[in-house]
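Please read the structure below before turning to the comments.
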Amino acid sequence: MRAGVVAAVLAMACAEGGDASIPLPAPSGIPEAAERRDRAAAGDARARFAYARWLHARDAYGAAATVYAAAQSELSDPVERAEAAWLRALALHQAGLDPDPALAIARVDAAALPQVWRLSAERALDAGHATEAFERAGRAESLDPEDPVPMILAARARLSEGRLDDAAAIAERALRKAPNDPAARHVAASMRVRRGDSSAAALLRGVPMRRADVVRDPVYRRVLLERDDARAARLRAESVAAAGDYRAARALLTPFEATTDDVEFLLLKADLDFRLGATAAADAVWEKVAARDDAPAVALERRATRMLDLGASTTDVAAVARRALLADPDAMGARLALGACALKDGRTEEALDHLNAVCAARPEWELARRLRADAERNMPPRRGAKP
């Protein structure tokens, strides 16, 4: 049997409980795996947990699940035990194996982790257990109110029970929470179609073909940080930049910038360059990303606003901004650029339409308020109005 198949079989054997006596796998296709396996086998539970995370970071999901199972029952630290329980279930799910027995353990050992309940809700929904899915989605939402996914799952659960009004209300709540999330827009549009609401088409217009590679799960994020690739470098740089050290964050990207064309990596690189005063380098990246067919709205917004700053023609700027709006109808940066272009071209009424929308959605944007004031001053008096 191939190493991956062996690891998958062992993972299934370990799914119902940890067993440190099962031999630890070392996938043959991963350099250093055998040496790391031997060190983990000779070490304690924390060494095995570290080895499991190392395998998981290299996408060896079945092998990682096996080692998580071996380590979990031995770990004494409750935080590590909870993380191992969740990561074992996640790795089984990613391997295409049945994670349900591991999830049942995780709902006890890692009950405070919202992602445990989120995946449990997904599994219950797929199995046709709508009430159970709704309850588990509610538990996930209570633990992480900022995540729209539990609301999306709850809406789908209510819909499968035939409770369309309840499902639609939950879907609209998810959309308000994450107006740019493709899944939230899809589920809200689906509910509107079922209710005969013609506004559904607007929600689906320009939904991006690809989703940003954003790792929300803090436990799995730590796993990915053990990688040595562009994705791990981006995650590290995001954390360092959030702490305000833009130069150190930019340095983390340097070893990988010549070998990756990942959009999220490139956009972070451009943003850091711009903050550090390397505006030409940032402009070059925004131009490159904006030229792609799958360019996200945020890249097109950046490109449009920079073109405006650099004195490009309003026709060229507006073309890029309109592409941003097609990718995301709620892209307020694009509306700001269109409002500025219309104002510059003397189309005051059109400018006000855009700028009023921006000011309503982003009242903190001083530039939008200033441009709107300029547009209001330039509006011709209405016919019949007293001078």
Side-chain angles (χ1 to χ4, degrees), residues 7 11 14-15 17-18 36 40 44-123 136-150 152-153 178 181 183 211-229 231-240 242-243 264:
C14 292
R36 287 177 177 268
D44 59 8
R46 299 187 79 175
R48 284 184 276 282
F49 185 33
Y51 177 51
R53 294 197 310 271
W54 186 85
L55 289 169
H56 202 164
R58 281 143 192 86
D59 301 332
Y61 303 125
T66 300
V67 186
Y68 284 133
Q72 183 185 342
S73 63
E74 298 179 302
L75 287 166
S76 57
D77 183 278
V79 173
E80 290 182 335
R81 191 165 59 247
E83 290 190 355
W86 158 242
L87 290 171
R88 178 162 60 115
L90 175 63
L92 287 165
H93 181 65
Q94 291 171 313
L97 302 171
D98 180 7
D100 290 339
L103 271 174
I105 295 171
R107 286 193 294 272
V108 176
D109 288 355
L113 296 181
Q115 54 268 46
V116 170
W117 298 97
R118 188 175 61 226
L119 181 56
S120 296
E122 290 178 16
R123 297 290 298 178
R136 291 174 175 175
R139 183 77 175 265
E141 184 184 351
S142 69
L143 292 167
D144 185 4
E146 296 306 309
D147 184 4
V149 173
I152 294 167
L153 293 170
D181 183 86
R211 294 193 62 174
D213 177 23
V214 177
V215 181
R216 296 189 74 258
D217 179 356
V219 176
Y220 190 47
R221 185 183 178 100
R222 283 199 289 279
V223 168
L224 294 178
L225 286 172
E226 298 188 28
R227 300 172 72 109
D228 183 23
D229 60 10
R231 179 165 57 168
R234 175 171 63 80
L235 292 173
R236 291 188 187 98
E238 285 175 356
S239 299
V240 173
E264 301 303 318

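Side-chain atoms of Leu87 and Val223, non-hydrogen and from C-beta on, do get closer than 4.5 Å to each other. Side-chain atoms of Asp181 and Ile152, non-hydrogen and from C-beta on, do get closer than 4.5 Å to each other.
Taken from OH in Tyr68 to CZ in Arg88, the straight-line distance is 11.5 Å, to the nearest 0.5 Å. Distance check, rounded to the nearest 0.5 Å: CG of Leu224 to CZ of Arg53 gives 12.0 Å. Here Asp144 contributes atom CG and Gln115 contributes atom CD; the two are 8.5 Å apart, rounded to the nearest 0.5 Å.
Closest heavy-atom contact between Ala82 and Leu113: O-CD1, 4.0 Å. Closest approach of Ala70 to Glu74, counting heavy atoms only: O-OE1, 3.3 Å. When every heavy atom of Ala40 is checked against every heavy atom of Arg48, the shortest pair comes out as O-NH1, 3.1 Å. Between Ala64 and Ala52, the shortest heavy-atom contact is CB-O, 3.6 Å. Nearest approach of Val116 to Ala110, heavy atoms of both residues: CG2-O, 3.7 Å. Between Ala89 and Leu119, the shortest heavy-atom contact is O-CD2, 4.4 Å.
Looking at residues two or more places apart in sequence or on another chain, you find a side-chain contact (heavy atoms from CB on, under 4.5 Å) between Ala60 and Pro27, Ile30, Leu55, Ala63. For Arg81, the side-chain contact (heavy atoms from CB on, under 4.5 Å) criterion is met by Gln72, Leu75, Pro78, Asp109, not counting sequence neighbours. Remark: Trp86 engages Asp217 in a side-chain hydrogen bond (donor to acceptor under 3.5 Å, both in side chains) (not counting sequence neighbours). For Arg36, the salt bridge (Lys or Arg N to Asp or Glu O under 4.0 Å) criterion is met by Glu32, not counting sequence neighbours. With sequence neighbours left out, Ala121 forms a side-chain contact (heavy atoms from CB on, under 4.5 Å) with Arg136, Ala137, Leu153. Residues satisfying the salt bridge (Lys or Arg N to Asp or Glu O under 4.0 Å) criterion with Asp44, sequence neighbours excluded, are absent altogether. In this structure, the salt bridge (Lys or Arg N to Asp or Glu O under 4.0 Å) partners of Arg123, at least two apart in sequence or on a different chain, are Asp98, Asp100. Considering only residues two or more places apart in sequence or on other chains, Asp229 meets the salt bridge (Lys or Arg N to Asp or Glu O under 4.0 Å) condition with Arg227. Gln94 meets the side-chain contact (heavy atoms from CB on, under 4.5 Å) test with His56, Tyr61, Leu90, Tyr220; sequence neighbours excluded.
Salt bridge absent: Arg234 and Glu264 never bring a charged side-chain N and a carboxylate O closer than 4.0 Å. A salt bridge is absent between Glu226 and Arg221: the closest approach of a Lys/Arg side-chain nitrogen to an acidic carboxylate oxygen does not fall below 4.0 angstrom.
At distances below 3.5 Å, at least one donor-acceptor pair connects side-chain atoms of Thr66 with backbone N or O atoms of Gly62.
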